[in-house]
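Please read the structure below before turning to the comments.
First the proteins, then the strands, lettered A, B, ... as listed; each starts at 1.
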2 protein chains.
Amino acid sequence: MTSEALARALNTNPVVVRRLMGGLREHGYVHSEKGHGGGWTLSCQLDRVTLRDIYEALDAPRLFAIGNRSEKTECLVEEAVNDAMSGVLADVTAQLLARFGQITLAALHAAFHQRLAACHAPATLCK
Amino acid sequence: MTSEALARALNTNPVVVRRLMGGLREHGYVHSEKGHGGGWTLSCQLDRVTLRDIYEALDAPRLFAIGNRSEKTECLVEEAVNDAMSGVLADVTAQLLARFGQITLAALHAAFHQRLAACHAPATLCK
DNA sequence: GTCTCATGTAACTTCATGTGTTGCTAGAGT
DNA sequence: ACTCTAGCAACACATGAAGTTACATGAGAC
């Protein structure tokens, strides 16, 4: 599938698709082919890749909207608060990633097909 | 203490301080006094207010940097992914808030004084 | 009463970040 | 050659948080 086609399906831009897919390619989840007839092909088993893998392949972008303002501080109050919060955030992050690590693409694929069957729609890419 | 003084201590602006403190005032955690000699005073027991209370008083701003792009979608793939993710996010949010609910301001106050004693510095507001 | 000092608030500006866009290069098939 | 594709850098735009300005209101001091 071409970046162009994916972009249409995702309501975005081919370049954005390439940016994202680049991370996946580096980890061997997809393969890309240049030139005429080129594009993206899947190169992994769907049951062996999880949301966590995807997240990490995408360079582990920030998960939380909250967090320390600065890594270092002179302020002992800020330091105490940062300490208390970052402990919690670290634990929660670990749990989130563990949960994501249990959601395989195969599971999502199945969930999609279940929805598809339920609404009697033809199987096309959305949009 | 005046917004002005707090702003200096926090390296920010008095108006920003007022915006934040406004939420705390509505919940009765602090009291404000206008005019000459006015400013902010604490009006709660530090051991009865938690980080979670503060978070909610601040109008519960977004916790996560990730999440659904849109609440509603026609796309069955997006729908399946949203479903899988929002379950996890809801659980993790609940845990995070529960943890915050166990961190009292009194505990932070104690942690601060411990640090203070450890570094032999005089007890002033940072900066 | 009026002067000064404080909060309250709206409107605006600035900044950071993520997303989208353009323009160009390089590779691969026709 | 020509066309179709990814790769990439550079720029433009959108969004939301943070900071700023300006002014109104209330409360004590004189």
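Checking B/T2 against B/W40 by side-chain atom types alone, no donor-acceptor pair falls below 3.5 Å. Side-chain contact check for B/E79 and B/T73: no donor-acceptor pair (N or O, by modelled atom type) lies under 3.5 Å.
Spacing between atom CD1 of B/I66 and atom C1' of C/dT17 amounts to 16 Å, rounded to whole angstrom units. Nucleotide C/dC15 holds its P atom 15 Å from the CZ atom of A/R69, rounded to whole Å. Residue B/E4 contributes atom CD, which lies 17 Å from atom P of C/dT4 at whole-angstrom precision. If you measure from atom CZ of A/F64 to atom P of D/dA17, you get 17 Å, rounded to the nearest angstrom. What separates CG of A/L6 from C1' of D/dT5 is a distance of 13 Å, to the nearest Å. Rounded to an integer number of Å, the gap from CG of B/D59 to C1' of D/dA17 is 14 Å. When rounded to the nearest whole Å, the span between CG of A/N13 and P of C/dG18 equals 18 Å.
The closest donor-acceptor contact from the side chain of B/N13 to the backbone of B/V15 lies under 3.5 Å.
Across B/C44 and B/Y29, no two heavy atoms sit closer than the pair SG-O, 3.6 Å.
Residue B/R62 is out of contact with every strand shown, counting any heavy-atom pair closer than 4.0 Å.
Contacts of residues 15-40 of chain B with DNA chain D (heavy atom under 4.0 Å): B/V15, B/V16, B/R19, B/K34, B/G35, B/H36.
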Indicate every side-chain donor-acceptor pair of residues 96-111 of chain A with a distance under 3.5 Å to a residue at least two apart or in another chain.
unit_1	atom_1	unit_2	atom_2	d
A/R99	NH1	B/D91	OD2	2.9
A/R99	NH2	B/D91	OD2	3.1
A/T104	OG1	A/A106	N	3.4
A/T104	OG1	A/A107	N	3.0
A/H109	NE2	A/H113	NE2	3.2

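Residues satisfying the side-chain contact (heavy atoms from CB on, under 4.5 Å) criterion with A/D83, sequence neighbours excluded, are B/R115.
OP1 or OP2 of D/dA6 lies within a sub-4.0 Å distance of a side-chain N or O belonging to A/S3.
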